[in-house]
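Heavy-atom basis, side chains included; hydrogens, waters and symmetry copies ignored. Residue numbers start from 1 in every chain, and the chains themselves are labelled A, B, ... in the order their sequence lines are given, proteins ahead of strands.
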Amino acid sequence: GAVVSQHPSWVICKSGTSVKIECRSLDFQATTMFWYRQFPKQSLMLMATSNEGSKATYEQGVEKDKFLINHASLTLSTLTVTSAHPEDSSFYICSARDWGGGALGYGYTFGSGTRLTVV
Amino acid sequence: AQSVTQLDSQVPVFEEAPVELRCNYSSSVSVYLFWYVQYPNQGLQLLLKYLSGSTLVKGINGFEAEFNKSQTSFHLRKPSVHISDTAEYFCAVTEQGAQKLVFGQGTRLTINP
């Protein structure tokens with residue numbers, strides 16, 4: 001089945017630095033990828049939707065300049081948290097979608113998540 | 001716009017007992033429905049999905065769900081739970097033709113010995 005690899009699984013960074021998180025689809029081409037943020041004991045909050053080769057679409061309230069998303073190929077999307085601060089500490093999860101040309105496609109596959117701690 | 005409501009934030013169950021996790025959705029068009037499980041500090045794993053066809057969907061780990069269009073529900077069931085089923089469960093919906101997957105608030109399933 002479809003596999004999405006997300007790295008790193010956890011990262012600690014100093015306040016003011018930038019962190020890049022990678023999301024790769026290993027055995028399918030992901031035309032659309034999604035980035036979520038999850039606070040403790042809460043559901044997933046969609047941050048942005050990225051389509052290969054075009055700019056990401058951010059959800060209302062998400063800072064575009066702080067959370068930079070690049071989807072340069074059909075198998076790789078990256079999320080860069082710029083000038084990170086402690087309030088950016090969270091669990092970030094990516095997801096890739098591949099409908100395979102019809103309703104019987106893979107659907108939505110999720111990465112294993114990245115725990116970001118900003119100190 | 002579609003929305004999802006998981007009616008129970010927490011469900012405690014004894015081991016080997018049956019369980020039902022409830023999910024209702026709201027949409028004006030046809031939808032695809034999903035159930036995911038999340039273990040601590042991990043991503044989401046697909047349990048099952050309804051795209052079309054039979055309304056009773058069987059998934060992994062002995063779970064199944066039934067799509068009820070008239071009640072706009074997609075409840076998840078398991079006839080006999082195990083300690084290893086302790087996790088967070090999310091119901092999600094996407095409208096046909098849409099990109100976004102909308103999640104419910106999640107239900108924490110706790111299995112007691």
*Would B:Q99 and A:N51 count as a side-chain contact (heavy atoms from CB on, under 4.5 Å) if you check the C-alpha gap in whole Å, the side-chain angles of each, and the deciding distance to 0.1 Å?*
CA-CA 10 Å; B:Q99 287 191 324; A:N51 293 298; 3.0 Å; yes

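- The two residues B:Q38 and A:F91 come nearest to each other via the heavy atoms NE2-CE2, 3.8 Å.
- Remark: B:Y36 OH to A:S95 OG distance equals 6.0 Å, nearest 0.5 Å.
- A 6.0 Å sphere centred on NZ of A:K55 holds no more than 12 heavy atoms belonging to other residues, nucleotides or ligands.
- Linking ILVMFWY residues whenever their side-chain heavy atoms come closer than 4.5 Å, directly or via other members, places B:L109 and B:I60 in the same cluster.
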*Show the numbers, then the answer: is there a side-chain contact (heavy atoms from CB on, under 4.5 Å) between B:Q105 and A:Q42?*
CA-CA 7 Å; B:Q105 302 89 330; A:Q42 293 189 27; over 6 Å; no

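- A salt bridge is absent between A:K41 and B:E88; no separation between the charged side-chain nitrogens and carboxylate oxygens falls under 4.0 Å.
- In the hydrophobic cluster analysis, where Ile, Leu, Val, Met, Phe, Trp and Tyr join through side-chain heavy atoms closer than 4.5 angstrom, B:L7 is grouped apart from B:V11.
- With hydrophobic clusters built from ILVMFWY side chains whose heavy atoms lie under 4.5 angstrom apart, A:F39 does not share a cluster with A:F110.
- Residue contact with chain A, scored on non-hydrogen atoms closer than 4.5 Å, is absent for B:Q45.
- Without hydrogens or angle criteria, A:S43 side chain to B:G106 main chain gives no donor-acceptor distance under 3.5 Å.
- Under the 4.5 Å side-chain heavy-atom criterion for grouping Ile, Leu, Val, Met, Phe, Trp and Tyr, B:L48 is connected to B:Y89 within one hydrophobic cluster.
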*Any chance you could lay out the side-chain contact (heavy atoms from CB on, under 4.5 Å) test for B:L44 and A:L44, step after step, and finish with the verdict?*
CA-CA 10 Å; B:L44 275 65; A:L44 281 73; 3.9 Å; yes

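- The contact between A:Q38 and chain B is made entirely by side chain atoms (from C-beta outward), counting heavy-atom distances below 4.5 Å.
- Atom NZ of B:K78 has more than 12 neighbouring heavy atoms from other residues, nucleotides or ligands inside a 6.0 Å radius.
- The OG1 atom of A:T49 lies 10.5 Å from the CG atom of B:L101; values are rounded to the nearest 0.5 Å.
- Aromatic pair B:F103/A:Y36: centroids less than 6.0 angstrom apart.
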*Audit row: B:T94, A:Y108, side-chain contact (heavy atoms from CB on, under 4.5 Å) steps and yes/no*: CA-CA 10 Å; B:T94 185; A:Y108 299 85; 3.4 Å; yes

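- Under the 4.5 Å side-chain heavy-atom criterion for Ile, Leu, Val, Met, Phe, Trp and Tyr, B:Y32 and B:F67 are members of distinct hydrophobic clusters.
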